[in-house]
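See below for the structure under consideration.
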Amino acid sequence: QVQLVESGGGSVQAGGSLKLSCPASASAYSTHCLGWFRQAPGKEREGVAGIDIDDSTIYADSVKGRFTISQDNAKNTLYLQMNSLKPEDTAMYYCAANLNCPDSGSWYVPPPGVYWGQGTQVTVSS
């Protein structure tokens, strides 16, 4: 059974930090390419960051230099460290598995068969 369970969201002021965690079932984690997406009210879901089994990473331009994606293979857990948060980062954040890999050129496009977590809300106030 595939399971992804996000945690770590919350409310912070602009400039603050949060760290999201996503423990995954072994079946989800074994799909090699994982990532984080987000969806703000009234907007489409967008890719935030992706990571491959060899720890190669990719980021959306809007978060580059502020967010860091990482994984702990021993714990089957995906992380997203978010620093220098801005009000425009406010969104529901989703962990995802079975994604297109960072070097595919389409990592930000969820493929058929993608696995999603339930989401965790991040709210940044000015």
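Note that these values count all heavy atoms, side chains included, but never hydrogens, waters or copies made by symmetry.
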Lys86 and Asp89 ion-paired at < 4.0 Å: no
Looking at every non-hydrogen atom in both residues, tell me the closest pair between Leu4 and Ala28 and how far apart they are. CD2-CB, 4.0 Å
Quick check on the 6.0 Å ring-centre criterion: do Phe37 and Trp116 meet it? yes
Checking the side chain of Asn98 only, and the main-chain atoms of Gly113 only, is there a donor and an acceptor separated by less than 3.5 Å? yes
Consider only side-chain heavy atoms of I, L, V, M, F, W and Y, link residues closer than 4.5 Å, and tell whether Val63 and Leu85 are in one cluster. yes
Could you tell me which non-hydrogen atom of Val114 sits nearest to which non-hydrogen atom of Ala96, and how far apart they are? CG2-CB, 4.1 Å
Side-chain donor/acceptor of Ser104 to backbone N/O of Pro102, under 3.5 Å: no
Mind running side-chain contact (heavy atoms from CB on, under 4.5 Å) on Glu6 and Gln118 for me, showing each step along the way? CA-CA 7 Å; Glu6 303 94 336; Gln118 84 288 350; 2.8 Å; yes
When rounded to the nearest 0.5 angstrom, what is the spacing between CD1 in Ile69 and CG in Leu20? 10.5 Å
Atom pair OH/CG of Tyr93 and Leu18 - distance to nearest 0.5 Å: 9.0 Å
Same hydrophobic cluster for Tyr59 and Trp36, using side-chain heavy-atom links shorter than 4.5 Å among ILVMFWY? yes
Value for OH (Tyr79) from SG (Cys22), rounded to nearest 0.5 Å, stands at 10.0 Å
Grab the two heavy atoms, one from Gln71 and one from Asp55, that are nearest each other, plus how far apart they are. NE2-OD1, 2.8 Å
For residues 15-25, the side chain to side chain donor-acceptor pair (under 3.5 Å) pairs (sequence neighbours left out) are Ser17-Asn83, Ser25-Ser27
Heavy atoms from other residues, nucleotides or ligands near OH of Tyr108 exceed 12 (cutoff 6.0 Å): no
Spacing of OG belonging to Ser106 relative to CG belonging to Leu99, to within rounding of 0.5 Å: 10.0 Å
Is there a donor-acceptor pair closer than 3.5 Å between any side-chain N or O of Thr123 and the backbone N or O of Thr90? no
Supply the atom-to-atom distance Asn76 CG to Ser30 OG, rounded to the nearest 0.5 angstrom. 8.5 Å
Would you kindly confirm whether Trp107 and Leu34 end up in one hydrophobic cluster when ILVMFWY residues are joined by side chain heavy atoms under 4.5 Å apart? no
Would you tabulate the side-chain donor-acceptor contacts of residues 39-51 under 3.5 Å, counting partners in other chains and residues two or more places apart, or write 'none'?
from	atom 1	to	atom 2	distance (Å)
Gln39	OE1	Arg45	NE	3.4
Gln39	NE2	Lys43	O	3.1
Glu46	OE2	Arg38	NE	2.7
Glu46	OE2	Arg38	NH2	3.2

With rounding to the nearest 0.5 angstrom, report the SG to CG distance, Cys33 to Asp52. 3.5 Å
